[in-house]
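Notes follow once the structure below has been shown.
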Amino acid sequence: MEKIRLGRTNLMVTRVGFGGIPIQRLTENEAIDVVKKCFELGINFFDTANGYTTSEERIGKALKGYREKVILATKTHARNPEELSKNLELSLKRLNVDYIDLYQFHGVSDFPSLDKILEPDGVMAVVEKARARGIVRHIGISSHQIDVAKKAVSSGCFETIMFPFNFIESEVADELIPLCRKLDVGFICMKPIAGGLVDNASIAIKYLLQYRDIALIPGIEKIAEIEEIVKIVDHAPNMNDAEKSEMRRIRETLGARFCHRCDYCQPCTMEIPISTVMNGKSVYKRMPPERFFTLSMDEAIEKATKCSDCGECEKRCPYHLPIRDMIKEQVSWYQHLTSNNEKNISKSSVRGHH
Ligand code: SF4
Ligand code: SF4
C-alpha cells in the first residue's frame, strides 16, 4: 500500500492504518488474527491506547517479531508525571517493545488540559525525557475540539494531531488540515467512518482518500472489513457519480443530527453531559458491552431524563442541532436497550465498522 510522510516525524505510514478500539470486543485469538491479517495486507501503522483495555497487549502479541517493520502509536490519558511514567511503562510492557514510535496525549479537548500538559515539569517534560532516551520516538496529541486542536498544532510541541474527520464532519478540511500542512504536523484522521454511524464504509474511505497527505485509522474488527478497505485504497480510490450522490444524501440525512462533540452547547442548566448522551449509539457500536454499560453512562442518561426543555443549549450549538429532541431519542433508545436486558447482548449483533 502507498505510504505517506507523517508530517515532521518523517515516519512513512501506510495511508490506511489500524485503529485499535474495536478489537477489544473480540476474543484474544480473533483479535490477533485480525491484526496479523492487517500486517500481511501491507498495513504498517497500528494505533492503540493505554485506555483501550486489551488492545495494546493483543497488538503486541500479533506483531511479535515484526518490530522493525511496523510503526506503533499509543496514547495516554495521564495528566500528572507519576501517572504518565506508569502508563508509559505499561504500554511498553503490553506492546512488548522497548520503544514506541508515536506517543500521544489522549483526548485533549479543553484548554486547561492542554495547558496542564505543557506546564513546566508536567507530563510533556516526562515524555520529552523518554524521547531523549529513545523510548519514545515522536510526540503527538489527539483531540475532539477544533480550537484546542489548532492551539496544540500551533504550539510547536506536537509532531502529529489526531482528530475526527469524515464526510459528515468535514470542517477540519478548511482550517486544521491547512494549518497542519503549514507547520508540518502529521494529520491522523480518526473516526473516518463517523464512529460507525455511516454504513457505507466504502464511500467514507473514498472521500478521505482525496486528501493525499493524511493517515486514516478506521477501527478494524473483521478481516473482511480490512480486505475491503485495502482493495479500495489500492485499486478503486475514486468515487463514481452514483457514490457521490449517495454521499450527499447520507450527509444531508445524518448531518442534520450529527453531534460533533465540540461542547459549545455547555454549560447545560441541568448539568447534562450532552455530547456523551448524544454519542451513546456510536460508542455502543465500537466498545465492548461491559465498557459501554458503565455507571457513568447510566448517570449521564439519568441526568438526561431531567432535561428541563429550557433550550439554552440549542442557542449555542453551531450546528443548530435539535438537542432536546435528540436527547429524548437517545434516552428512549438507551432505556429500550437496558429494559431488553441487552447489557448481555451478543457481540456479533453489534459489530460494525468504526
Ligand atoms: S434544554 Fe435540556 S439539555 Fe439543553 S440546556 Fe436545557 S436542560 Fe440542558
Ligand atoms: S450538541 Fe452541538 S454544541 Fe453540543 S457537542 Fe454536539 S455539536 Fe457541539
Side-chain angles (χ1 to χ4, degrees), residues 21 77 106-114 141-153 161-177 179 189-198 204 207-208 247-248 250-287 292 294 296-337 354:
I21 294 183
H77 272 120
H106 196 169
V108 186
S109 293
D110 59 66
F111 288 111
S113 299
L114 179 60
I141 187 166
S142 78
S143 178
H144 283 100
Q145 214 284 341
I146 190 83
D147 296 322
V148 176
K150 284 198 275 189
K151 189 173 175 194
V153 167
I161 180 129
M162 182 181 291
F163 200 85
F165 181 28
N166 52 67
F167 71 84
I168 310 288
E169 41 187 342
S170 56
E171 298 79 9
V172 287
D174 302 331
E175 285 186 69
L176 188 59
I177 291 181
L179 186 65
C189 162
M190 67 159 121
K191 301 194 171 53
I193 304 161
L197 294 179
V198 171
Y207 168 80
L208 292 168
M247 180 182 78
R248 282 192 289 273
I250 301 173
R251 189 188 263 151
E252 272 158 32
T253 3
L254 206 58
R257 292 177 98 76
F258 189 85
C259 172
H260 296 237
R261 298 168 295 266
C262 61
D263 284 338
Y264 287 131
C265 49
Q266 293 290 355
C268 160
T269 47
M270 300 301 287
E271 296 182 358
I272 299 168
I274 296 173
S275 58
T276 304
V277 174
M278 305 273 261
N279 283 287
K281 218 176 272 183
S282 150
V283 176
Y284 178 64
K285 283 193 165 205
R286 289 177 288 132
M287 290 291 177
F292 174 72
T294 56
S296 61
M297 185 49 87
D298 277 346
E299 280 169 4
I301 296 290
E302 177 59 29
K303 280 187 182 161
T305 61
K306 310 257 163 35
C307 171
S308 65
D309 237 4
C310 72
E312 286 305 311
C313 52
E314 290 179 12
K315 292 182 200 158
R316 292 188 286 259
C317 175
Y319 305 97
H320 310 294
L321 298 185
I323 298 177
R324 288 172 285 185
D325 288 351
M326 289 174 71
I327 282 182
K328 285 187 195 108
E329 287 162 18
Q330 290 288 328
V331 167
S332 80
W333 167 78
Y334 188 83
Q335 287 172 340
H336 177 75
L337 266 187
H354 168 206

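Since the structure is predicted, the reported quantities are computational estimates derived from the model, not experimental observations. All ligand and atom numbering here is 1-based and tracks the order in the structure.
Remark: minimum distance from atom 6 (Fe) of ligand 2 to any protein heavy atom is reached at Cys259 SG, 2.4 Å. The protein heavy-atom contact nearest to atom 3 (S) of ligand 2 is Cys265 N, 3.3 Å. Atom 8 (Fe) of ligand 2 has as its closest protein heavy atom Cys262 SG, 2.3 Å. Counting only heavy atoms of the protein, atom 2 (Fe) of ligand 2 lies nearest to Cys317 SG, 2.4 Å.
Nearest heavy-atom pair across Tyr264 and Arg316 is O-CB, 3.3 Å. Minimum heavy-atom separation, Cys268 to Gln266: N-OE1, 2.7 Å. In terms of heavy-atom proximity, Leu114 sits nearest to Ala152 at CD2-N, 3.9 Å. Looking at every heavy atom in both residues, Ala173 comes nearest to Ile177 through CA-CD1, 4.3 Å. Nearest heavy atoms, Cys259 versus Asn279: SG-ND2, 3.5 Å.
Listed by atom number, the atoms of ligand 1 under 4.0 Å from Ile327 heavy atoms are 3 (S). Heavy-atom contacts of Cys310 reach the following atoms of ligand 1: 1 (S), 5 (S), 6 (Fe) (cutoff under 4.0 Å). Atoms of ligand 1 lying under 4.0 Å from at least one heavy atom of Arg324, given by number and element, are 1 (S). Here is the list of ligand 1 atoms found below 4.0 Å of a heavy atom in Gly311: 1 (S), 6 (Fe). Distances below 4.0 Å separate heavy atoms of Asp263 from the following atoms of ligand 2: 5 (S), 8 (Fe). Each of the atoms 1 (S) of ligand 2 lies under 4.0 Å from some heavy atom of Met278. Close approach to Pro318 involves these atoms of ligand 2, each under 4.0 Å from a residue heavy atom: 3 (S).
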Query - Glu169/Arg261 under salt bridge (charged side-chain N to carboxylate O under 4.0 Å, His left out): CA gap, chis, key distance, verdict - result: CA-CA 11 Å; Glu169 41 187 342; Arg261 298 168 295 266; 3.1 Å; yes
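Tyr319 has its ring centre less than 6.0 Å from the ring centre of His260.
Residue-level proximity to ligand 2 for Arg316 is absent, since no heavy atom of it falls below 4.0 angstrom.
Distances from atom 2 (Fe) of ligand 2 show that His260 has no N/O/S atom below 2.8 Å. Checking Cys313 against atom 8 (Fe) of ligand 1, every N/O/S atom stays at or beyond the 2.8 Å cut-off.
Not close to ligand 1: Ile323, with no non-hydrogen atom less than 4.0 angstrom away.
Within 6.0 Å of the CD atom in Glu175, the count of heavy atoms belonging to other residues, nucleotides or ligands does not exceed 12.
Using the six-membered ring where Trp is involved, Trp333 and Tyr284 have ring planes that are perpendicular, over 60° apart on the 30 and 60° scheme.
Remark: the backbone N or O of Lys191 is paired with a side-chain donor or acceptor of Asn166 at under 3.5 angstrom.
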